[in-house]
Amino acid sequence: MLNIIKKSPYESSALSDCLKYIKSGDVILFTEDGIYAVKKEGAFGKLVSDASQTCAVYYLFPDAEARGIKSEEVISLAKPVDYKGFVDLVGDSLKSMTW
Amino acid sequence: MLNIIKKSPYESSALSDCLKYIKSGDVILFTEDGIYAVKKEGAFGKLVSDASQTCAVYYLFPDAEARGIKSEEVISLAKPVDYKGFVDLVGDSLKSMTW
Amino acid sequence: MKDQKAKIMFVCRTAPYGTIYEQEAIEAMIMFSSYEQDISVAFIGDGVFSLKKGQDPSLINIKNFTQTYLVLKDDFEISHLYVEKESLEERGVREEDLLAEVEVIPRAELRNKIDEMKVLLPF
Amino acid sequence: MKDQKAKIMFVCRTAPYGTIYEQEAIEAMIMFSSYEQDISVAFIGDGVFSLKKGQDPSLINIKNFTQTYLVLKDDFEISHLYVEKESLEERGVREEDLLAEVEVIPRAELRNKIDEMKVLLPF
Amino acid sequence: MKFGILLKESPYNYQAFDSVYNFANAALEMGHEIIGIFFYDDAVYVGNKYLEPPQGERNIKSYIHALKSKGVRLVICVAAGKRRGLTQNTVSESAEISGLGQLLELSIESDRLITF
Amino acid sequence: MKFGILLKESPYNYQAFDSVYNFANAALEMGHEIIGIFFYDDAVYVGNKYLEPPQGERNIKSYIHALKSKGVRLVICVAAGKRRGLTQNTVSESAEISGLGQLLELSIESDRLITF
């Protein structure tokens with residue numbers, strides 16, 4: 001299952017709600033204000049790095065650029081995708097859940 | 001200062017953001033989905049009871065009724081107000097902040 | 001439409017009244033139920049508050065749409081109403097506080113149900 | 001309008017782009033600045049992300065409205081741009097990452113500034 | 001006392017406009033004055049003259065007519081409105097379209113400005 | 001692959017519609033099919049024909065014309081739309097108004113349904 005998180009983890013429970021439901025083999029994609037979750041320096045970098053032990057973690061690169069989050073500021077286990085990569089992720093999982 | 005919290009504490013950071021800013025003499029009013037914060041049984045009853053040591057805590061009774069939260073389910077330190085009571089609370093504080 | 005019934009799940013995650021999502025989700029459930037597909041509904045997180053007994057939004061001039069849950073399984077073709085046990089517990093809502101007959105199941109079991117679905121509709 | 005200048009503070013609490021609040025808050029700041037009142041802006045919580053250097057929303061076809069912060073104090077009559085220190089730290093944003101010259105102050109001090117205001121406008 | 005109100009949320013996805021309506025009625029009944037309600041961000045949708053709520057549902061159109069008839073000024077932000085398709089041609093007769101200066105005036109002239 | 005899209009958020013307060021637009025364009029460029037976008041809740045505001053975005057700002061009207069011209073069906077929910085003032089008279093020529101059955105059909109007919 002592909003899990004999409006688009007809200008800031010600092011102001012929304014979307015990330016923590018999602019993490020309660022993930023299973024090995026799931027994919028998590030961070031988009032829009034969800035991007036702040038993959039920032040290395042910040043309150044959620046460690047949590048998301050831990051989650052990447054179970055799940056493949058991606059972030060939407062154009063949304064990170066928009067917010068001034070450069071790739072070197074992102075946790076090393078999160079992989080960047082552009083919109084085409086986003087489309088592939090949706091296709092590769094049998095279904096998606098937007099948290 | 002009157003602090004108004006209208007979002008659910010389970011899905012929004014409004015309550016925790018507000019609590020970082022309160023000062024002795026402040027008032028907190030819970031309205032709309034913020035009502036769930038004053039439920040005795042639940043994850044935030046204790047936190048809000050603790051806050052009521054510093055601040056006067058109120059909740060908008062019609063919003064609690066709407067959600068099926070009866071007065072006996074609400075923490076004892078939170079006082080019910082109707083819309084007229086809400087108007088009085090706004091008048092009694094020099095300003096308000098909606099979180 | 002294809003021959004086999006599609007398995008579709010509404011995932012209700014928001015509290016009632018503060019936002020319109022639950023109300024419009026119910027409108028969609030009712031409509032979907034008339035098309036003979038395999039429709040289920042899961043309440044997780046703040047979604048469980050939609051099922052709380054004794055709601056009376058008349059004081060705020062809003063319609064009590066949650067009464068619909070009472071008849072969703074009987075009068076409409078909704079296969080399952082699942083409620084996540086952990087979300088109820090975290091929110092201090094007991095099973096006897098729920099207004100409709102629902103299946104309260106642990107999160108891990110609900111996740112298995114989710115895995116069987118073709119489509120998830122989050123509200 | 002009254003003779004004494006009104007002390008008004010925009011309280012920016014949301015991140016840019018995901019929602020429009022910060023963009024429309026800036027439009028209001030610019031308009032307010034032309035009326036010779038005492039206008040200040042405080043960035044707390046996710047609002048501090050609006051000030052992060054190097055934003056480039058061109059890839060998502062959105063205008064980079066945050067450039068306005070660079071000139072808000074100089075070209076417009078905004079008295080103060082405050083940023084809450086604790087919110088920066090929690091989000092791993094350093095002072096040198098900020099795009100405009102702002103006053104980074106501890107939360108307790110910002111609360112004292114808030115107490116001096118007549119009106120707070122949360123965005 | 002003179003109250004000013006700022007509403008930022010859309011009237012259907014959020015309860016905020018209902019809260020404004022109930023608050024304003026209570027204040028007026030108590031003899032207070034509401035010197036204006038400023039609709040900003042998605043709240044400008046309140047002023048759409050084409051709203052047709054289903055029967056038995058809260059009727060935003062009648063709410064704003066009622067507020068207007070009690071003397072409350074309802075101001076739709078011109079810039080936020082234009083973006084969202086609210087213009088002189090599409091705005092309700094009970095509301096008016098004006099600039100952000102009106103929000104500043106509410107901030108200055110009211111004894112209390114409250115945001116919903 | 002056939003994609004269906006459900007959008008729930010309003011196009012101005014939230015980035016979600018921008019994400020839909022960028023996602024849809026990428027999918028089309030890759031040779032996938034978007035069999036429809038269903039606009040529900042506050043997302044119905046996307047279909048308002050009176051939108052007039054300021055210069056230099058993203059233009060929702062041109063976005064939906066572009067999607068339509070690429071063969072993407074844009075469906076505004078009739079019930080959600082009526083509440084919010086979106087009817088045959090106020091809807092953009094690039095969008096159509098239809099019922100929730102269309103969302104069900106998207107759910108069934110698409111290989112993947114994604115919610116924004």
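Below, chains carry the letters A, B, ... as their sequence lines are ordered, and counting in each starts from 1. For clarity, every value in this text was computed on a predicted model and none was experimentally measured.
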For the atom pair CZ (F23(E)) and CD1 (I34(E)), what is the distance rounded to the nearest 0.5 Å?
6.0 Å
Please report the closest heavy-atom contact between V44(F) and F39(F), naming both atoms and the distance.
CG1-O, 3.4 Å
Taking P53(F), P11(F), S10(F) one by one, which has the highest count of heavy-atom pairs under 4.5 Å against chain E?
S10(F)
Does anything in residues 63-88 of chain E reach chain F? List residues with heavy atoms under 4.5 Å apart, or say none.
K82(E), R83(E), R84(E), G85(E), T87(E)
Any chance you could measure Y40(E), atom OH, to L6(E), atom CG, to the nearest 0.5 Å?
9.5 Å
Is there a donor-acceptor pair under 3.5 Å between the side chain of K61(E) and the backbone N or O of L51(E)?
yes
Contact class of K49(F) relative to chain E, heavy atoms under 4.5 angstrom
neither
Measuring from D42(E):CG to L7(E):CG, what's the distance to the nearest 0.5 Å?
10.0 Å
Answer yes or no: is there a side-chain heavy-atom contact under 4.5 Å between Y21(F) and I60(F)?
no
When the 4.5 angstrom heavy-atom criterion is applied to N48(E) and chain F, the contacting part is side chain
N/O donor-acceptor pair under 3.5 Å between D41(E) side chain and E9(E) backbone:
no
